[in-house]
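Structure first, then comments.
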Amino acid sequence: KIGETAENLGINAYIIGGFVRDLIIGRKNFDLDVVVEGDATEFAKKIAKLFNAKVHTFDRFKTATVVFPDGNRIDFASARTEVYRSPGALPEVDMAPLKKDLMRRDFTINTLAVKINSKDFGKLIDFFGGLKDIKDRKIRVLHSLSFVEDPTRILRALRFATRYRFELGSHTEKLLKMAVQRKLFKTVEGQRIYHELKQIMLEDNPLRVLNKLEQYKVLSSLFDNLNWNRWEKDLFERLRKVVIWHKLNFPESSINYHLPFFGALFLKEDYEDVNRYLSFLSVPEKEKKEILDMCRLIIPTIKRIEKAKKNSEIYSLLKSKSEEFILLLAAYPESEETREKILKYLKEWKDVKPLVSGKDLINRFKLKPGPIFKEILNKLKYAIIDEKIPEDN
Ligand code: CTP
């Protein structure tokens, strides 16, 4: 239907970018980006009407998001057609708006497009040799100034190279090394660097990407005093496993999985340095506090857990902590026994409810409501956690 709508309006529409790249590579990707050679907001409104979907339009950027009744979404953007010409300039060679749009992008593998008009449906469009680069397993920039125009692409190049096990093209590698050497990161807003680092921490294996960043001296160029040694790497590996465990056990969870990885990166650094790094990255206040708390509180908390004689002591220690903190805590100890207890807190103890409720105390046991209620209910809860009474008794 999208293809027909495009055809009827006489507009060309294409799926572009990451979705097409991942389709060819064979990796799951649910982010559908559509570019139209025309007004994307008008187009998206028509699509939304056809599918009974919701549409959010951003008129300033001529982009729109359509959210379908089943929760799926598609982002629409208008291929940039505006041409800035100075009065005396020679007329520009006419170029398809799609090509102009794709030309601004980072790597050839991200410039593939698939036409979705009913006529020509499924036609692959490859202006910059992206298909060959996918086959050759290469990350290549489109032009020599790519990293200068946007130094965050340094991080993206190494993230994609790690994710797909691709190599950097040799010219691209030279340009990247030069960009790092010239400290181009200094010219970028910290929050854009943070955004890309966050994407790295959300990859399946952040450790491997950080090793690459270290190899290309990116880590030390971003964080002058940072240690990236055996200890940090082992912690990252344990954290990766804890996060996989968490995602398997709590598939609906919407916690910020990048935060414990940032905690792990900075845990052993001087508190003042961490503060400086996080300010440089303009990390949002809430996340900054969370990461700083991790650095401050992990070791004392682990010590108290190791000393705890009863499960309920661990429960009391952890119940005020965020899940992000607890994931890092679970990855921290080398002792499996301590780790098991922390994971058990998440899996079982956290949600233990005594079978007797406040209402029962009033109705069945004829007690008067008061502070004693909380005490009784807590005692019952602790008894279950300490395995003194079975849960359903
Ligand atoms: N892009 C770019 N330069 C950047 C960031 C993004 O050129 N600094 C372009 C890329 O070509 C990319 C598109 O914008 O294909 C969308 O960016 P994003 O959603 O971040 O990338 P994806 O390719 O979808 O990557 P991922 O699979 O990690 O979501």
Side-chain angles (χ1 to χ4, degrees), residues 14-36 40 58 61-65 72-80 97-114 124-131 133-134 137-166 168-169 172 175-176 179-180 184-206 208-210 212-213 218 222 256-258 261 281-282:
Y14 310 85
I15 300 176
I16 51 131
F19 184 87
V20 183
R21 175 197 68 214
D22 286 346
L23 190 69
I24 295 169
I25 294 177
R27 177 181 189 271
K28 274 193 196 135
N29 188 328
F30 301 108
D31 294 334
L32 214 50
D33 291 303
V34 169
V35 159
V36 300
F58 310 94
F61 300 106
K62 289 268 175 247
T63 61
T65 300
N72 281 324
R73 52 206 295 150
I74 304 182
D75 288 322
F76 292 85
S78 316
R80 317 227 153 165
L98 175 70
K99 186 168 180 184
K100 249 187 216 162
D101 189 278
L102 295 173
M103 211 164 65
R104 297 177 299 119
R105 290 172 187 255
D106 47 5
F107 311 115
T108 57
I109 59 166
N110 289 334
T111 60
L112 292 165
V114 171
L124 182 73
I125 296 172
D126 178 10
F127 290 118
F128 305 100
L131 192 59
D133 286 342
I134 289 179
R137 310 180 74 83
K138 294 281 189 212
I139 307 288
R140 286 190 219 278
V141 288
L142 303 195
H143 58 86
S144 299
L145 291 182
S146 193
F147 291 125
V148 180
E149 278 170 9
D150 182 354
T152 65
R153 289 176 174 167
I154 297 169
L155 300 172
R156 294 174 62 83
L158 298 174
R159 175 161 67 90
F160 288 131
T162 311
R163 182 200 283 174
Y164 300 117
R165 297 180 187 266
F166 283 15
L168 301 180
T172 298
L175 295 169
L176 183 143
V180 176
L184 290 187
F185 283 123
K186 295 243 179 310
T187 66
V188 189
E189 279 170 88
Q191 60 184 21
R192 296 194 55 235
I193 299 177
Y194 182 61
H195 175 78
E196 284 303 331
L197 287 175
K198 178 172 157 183
Q199 300 311 309
I200 289 173
M201 300 308 190
L202 293 172
E203 288 284 318
D204 287 342
N205 197 333
R208 288 185 46 236
V209 189
L210 288 181
K212 267 233 149 44
L213 295 189
V218 174
L222 287 172
N256 287 314
Y257 286 109
H258 62 285
F261 283 105
L281 296 175
S282 306

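Order of appearance sets the numbers: ligands from 1, and atoms from 1 within every ligand.
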Within the 4.0 Å heavy-atom shell around Asp150, which atoms of ligand 1 are there? 3 (N), 4 (C), 8 (N)
Enumerated ligand 1 atoms positioned under 4.0 Å from heavy atoms of Thr152: 8 (N)
Test side-chain contact (heavy atoms from CB on, under 4.5 Å) on Asn29 and Leu23 and set out the steps. CA-CA 8 Å; Asn29 188 328; Leu23 190 69; over 6 Å; no
Backbone or side-chain N or O of [X] under 3.5 Å from ligand 1 N or O:
X: Asn29; answer: no
X: Asp31; answer: no
X: Asp106; answer: yes
X: Arg163; answer: yes

His195, Glu149, Arg156: member with heavy atom nearest to atom 6 (C) of ligand 1: Arg156
Among Glu203, Arg159, Arg104, which residue places a heavy atom closest to atom 28 (O) of ligand 1? Arg159
Would [X] and [Y] pass as an ion pair if we require N to O under 4.0 Å?
X: Arg208; Y: Asp204; answer: no
X: Asp133; Y: Arg140; answer: yes
X: Asp150; Y: Arg192; answer: yes
X: Arg156; Y: Asp106; answer: yes

Pairing donors with acceptors under 3.5 angstrom, does anything connect the side chains of Arg21 and Asn110?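 Checked: Arg21/Asn110 side chains pair up, N/O donor to acceptor below 3.5 Å.
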Please determine, by modelled atom types, if Asp101 and Tyr14 share a side-chain donor-acceptor pair under 3.5 angstrom.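 Asp101 vs Tyr14: no donor-acceptor pair found between side chains.
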What residue and atom, counting heavy atoms only, is the protein's closest point to [atom], and at what distance?
atom: atom 13 (C) of ligand 1; value: Arg105 NH1, 3.4 Å
atom: atom 24 (O) of ligand 1; value: Gly18 CA, 4.1 Å
atom: atom 3 (N) of ligand 1; value: Arg153 NE, 3.2 Å
atom: atom 27 (O) of ligand 1; value: Arg21 NH2, 2.8 Å

Check whether any protein heavy atom sits under 4.0 Å from atom 19 (O) of ligand 1.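 Answer no: nothing from the protein, no heavy atom, is under 4.0 Å.
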With rounding to the nearest 0.5 angstrom, report the CG to CZ distance, Asp22 to Phe30.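 Rounded to the nearest 0.5 Å, the CG-CZ separation comes to 10.5 Å.
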Apply side-chain contact (heavy atoms from CB on, under 4.5 Å) to Thr162 and Asn205, showing your working. CA-CA 9 Å; Thr162 311; Asn205 197 333; over 6 Å; no
